[in-house]
Structures are given as structure tokens and as C-alpha cells.
Peer 1: 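For reference, the structure I am asking about is given below.
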Amino acid sequence: FFKQKTAYEIGVRLVGSEMCIRDRVLLVIIYAGNFIATRYSVHNGLSAYDLVALRFGVAGVLLLPYFCRLGWADLGGIGWARGCVLTVIGGSPYLLVFVFGLSLAPAAHGAVLNPGLVPAVVFVIMVILGLKGLVWGQELSLLVILLGIVVVTAASFEIKGLVLIGDLLLLVTGISWGLFTVLARQWQLRPIQVVAVVSVISMIYLPIYLGFFFDCFDGASMLHVIVQGFYQGIVNSVCTLYLLTYALIKIGTPLTSLFNPLVPILVTILAIPLLGEVPSTIQGIGILVVVLGMLGAALYERPGKDERL
């Protein structure tokens, strides 16, 4: 009986892991599409303020009934302090900085500087917290990532406009998302709970938007607004946060980060025909270096103390 029970539990664990991996692949596709869709929108009638309002206006309203059921006292166990922290680093403030960065820098830069920095941030935080030891292969991979980021950022000096400012904003969001990744894993919170709390608290932004930045979407068609409302508010907010948090809890930070190198590759390829953004030779080299570093960091990843079977 003991062996049968153990085999059953292992089987459930493996099936769950396979489902999480499929979810992570879907998340990569959604995440890559976010860079393309956001970059397209900010240059075709919608501002950064509009996109943030569409995302959390739609998501917040949809999830408000669930948020209320969590209880106002402690938000279902998350607590207001943790909820506010998650909102700042993964909600409307984070997204506002991200969209402004992507409005100034090419989509491929965003795909490199945002997810590219996440493995380094996750590694450093987990080492500081004593949740993992130093691994020479991973340290080398993270140095390669930083080298690639320097190359991509240095190339921005040769581009006219405020591309360098955009790169710096995207670097800030990379650090922020890395911190969100670690906290979501360590606090062991339910995915839908995290999504609801972050989305509803982010609605605090809406009165500010309506009072100072709302222009009735004058520069965009109604179809564009509706599509972005659906994509930002449902697909790119609810689905993304849910899939990420679910994968982090079920398969852990190491295996989840294994899929990150796919994002810069997919975005760089899609940005050429869809946005007309062809990377220069030095930018291409920097992107390739970051991707190789991300892949190395994921392959050399070892489970932390809380992630071992």
C-alpha cells in the first residue's frame, strides 16, 4: 500500500509539473506579445497612462467580487503590507515605468533588459536570504548576462532620441519583477489571490488617471481601445500573473526561469516584421550574449532550501 501511494503521489506531481511547463510556454508567448503590443500601442494613439488604466481598470473590476470575498481585514491572509508591496513591484507603478521605458526603447531592448535581469536579481536575493549557495557556473552565466546588457545599453548611445532613458527605465522594471518573482515564491500565496489583490489595489491609479491624463482616447480607434482593454486587462494581467504565480508555486523559481531565454528571441524575431525594428549588429550581439547567459543561469540553477523534494 505504501509503494502504491508513493507511486500515485509521484505521478500526480509529474502530471502537475507537465501542466505547469505548458502553462509556462503559454506565458512566454503572452509575455513576448506584451512587448510587441505595448510598443505598437504607444506609437499608435494610446499613451502609457491609457495602457495602465486599461489593464488594471478591466482586471480590477473583474476581480473585485473575489477581492471582497477575501476579507478587508487581511486580504485572505496576504495582509495589506504584503499586498501593497506586491502592487508597487508588480502592479500599476511597475507597469507605468515599464510602458514609459518601452515607449522610448525598441521592443527587443525591453525583452532583453526586463526578463534578462530577472535571473540575476533572483540569484542575488536568494543568496542573501540564505536560500541557495553560490554556484560557479551560474555566477559566470550572470556575469555574461550583465555583459550583454552593457553591450545593448551601450549601443543606445549611438541611437537618436531617448533610447538610453528607456533602457534605464526597463532595467528598473527588471529588478522590480525579479523581486516580485522571489516574493511570490517565498510567501507561497495562491495565484488567484495575488492577481486579485494586485489588480484591485492598482485601481487606486484610476482616479489620478481620470483627473489628469484621460483624453477620451482621442488618438486611437475604438477597436484599438477594445482590443487593448481585453489583452491588457484579461490576457496580460489576469492570465499572466496567474500563470506565473502558479508555475512558481508548483515547479519553483529555478525551472520557471528556464523558459525566460525564449522571450528575447521571440520578441526580436517578431519585432522585425511587425514593428519594423531591425537590431544593429552590436545590438544583435548583445541580445545573443544575454540569451546565452540566461540559458546558462537556468541550466546551472539548483533548487534552494525550500525547493528540494
Side-chain angles (χ1 to χ4, degrees), residues 31-56 87-121 124 142 145-180 202 205 208-209 212-215 219-220 228 232 236 260 263-264 267-268 270-272 274-291 293-294:
Y31 197 24
N34 177 40
F35 290 94
I36 303 297
T38 300
R39 176 73 172 168
Y40 173 84
S41 291
V42 293
H43 288 283
N44 288 274
L46 291 178
S47 68
Y49 304 111
D50 293 331
L51 290 177
V52 176
L54 286 173
R55 176 177 294 193
F56 293 108
T87 300
V88 170
I89 62 178
S92 52
Y94 160 85
L95 184 62
L96 196 59
V97 176
F98 172 80
V99 178
F100 268 118
L102 207 53
S103 69
L104 301 174
H109 284 215
V112 167
L113 301 176
N114 183 287
L117 201 57
V118 170
V121 174
V124 170
L142 297 179
I145 290 176
L146 295 178
L147 175 62
I149 289 176
V150 169
V151 172
V152 172
T153 305
S156 298
F157 284 100
E158 302 177 359
I159 304 176
K160 295 181 181 180
L162 301 175
V163 176
L164 183 60
I165 301 300
D167 286 351
L168 294 177
L169 292 176
L170 291 168
L171 282 173
V172 171
T173 64
I175 296 172
S176 180
W177 197 250
L179 182 58
F180 181 92
S202 289
Y205 164 80
I208 301 174
Y209 166 73
F212 297 97
F213 305 111
F214 181 57
D215 61 359
Q228 279 296 332
Q232 295 290 341
N236 210 19
N260 288 337
V263 176
V267 171
T268 302
L270 292 176
I272 296 175
L274 298 180
L275 300 175
E277 296 178 354
V278 181
S280 65
T281 301
I282 188 170
Q283 288 175 324
I285 293 174
I287 293 170
L288 179 60
V289 171
V290 171
V291 169
M294 292 172 68

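When a residue number appears, it is its place in the shown sequence, counting from 1. Predicted model, so just to flag it, every value in this text is computed and none were measured.
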Peer 1: Tell me the salt bridge (Lys or Arg N to Asp or Glu O under 4.0 Å) pairs involving residues 34-49, sequence neighbours left out?
Peer 2: Arg39-Glu277
Peer 1: If you look at every heavy atom in Val152 and Ile287, which pair is closest and at what distance?
Peer 2: CG2-N, 3.7 Å
Peer 1: Show the nearest heavy-atom pair for residues Leu170 and Thr173, with the distance to one decimal.
Peer 2: O-OG1, 2.6 Å
Peer 1: Can you list the residues that meet the side-chain contact (heavy atoms from CB on, under 4.5 Å) rule with Ile272, with sequence neighbours excluded?
Peer 2: Val278, Pro279
Peer 1: Who are the side-chain contact (heavy atoms from CB on, under 4.5 Å) partners of Val289, not counting sequence neighbours?
Peer 2: Val144, Ile285
Peer 1: Please name the pair of heavy atoms, one in Ala220 and one in Leu46, separated by the smallest distance, quoted to 0.1 Å.
Peer 2: CB-CD2, 3.7 Å
Peer 1: Identify all side-chain donor-acceptor contacts of residues 102-110 below 3.5 Å with residues at least two apart in sequence or on another chain.
Peer 2:
unit_1, atom_1, unit_2, atom_2, d
Ser103, OG, Phe100, O, 2.6
His109, ND1, Asp167, OD1, 3.0
His109, ND1, Asp167, OD2, 3.4
His109, NE2, Gln283, NE2, 2.7

Peer 1: Does any non-hydrogen side-chain atom of Val118 lie less than 4.5 Å from one of Met294?
Peer 2: no
Peer 1: Of all residues at least two apart in sequence or in a different chain, which pass the side-chain contact (heavy atoms from CB on, under 4.5 Å) check with Leu95?
Peer 2: Val52, Arg55, Phe56, Phe98, Val99
Peer 1: Look up atom CD1 in Ile36 and atom CG in Leu270, then write down how far apart they are to the nearest 0.5 Å.
Peer 2: 5.0 Å
Peer 1: Output all residues satisfying side-chain contact (heavy atoms from CB on, under 4.5 Å) with Leu168, sequence neighbours left out; order by chain, then residue number.
Peer 2: Leu171
Peer 1: Mind checking what makes side-chain hydrogen bond (donor to acceptor under 3.5 Å, both in side chains) contact with Ser41, not counting sequence neighbours?
Peer 2: His224, Gln228
Peer 1: What pairs with Tyr31 under side-chain hydrogen bond (donor to acceptor under 3.5 Å, both in side chains), at least two apart in sequence or on another chain?
Peer 2: Asn114
Peer 1: List in chain and number order the residues that pass ring-ring contact (aromatic ring centres under 6.0 Å, His included) with Phe214, two or more places apart in sequence or in another chain; answer none if no residue qualifies.
Peer 2: Tyr209, Phe217
Peer 1: Excluding sequence neighbours, so at least two apart, what forms side-chain hydrogen bond (donor to acceptor under 3.5 Å, both in side chains) with Ser92?
Peer 2: none
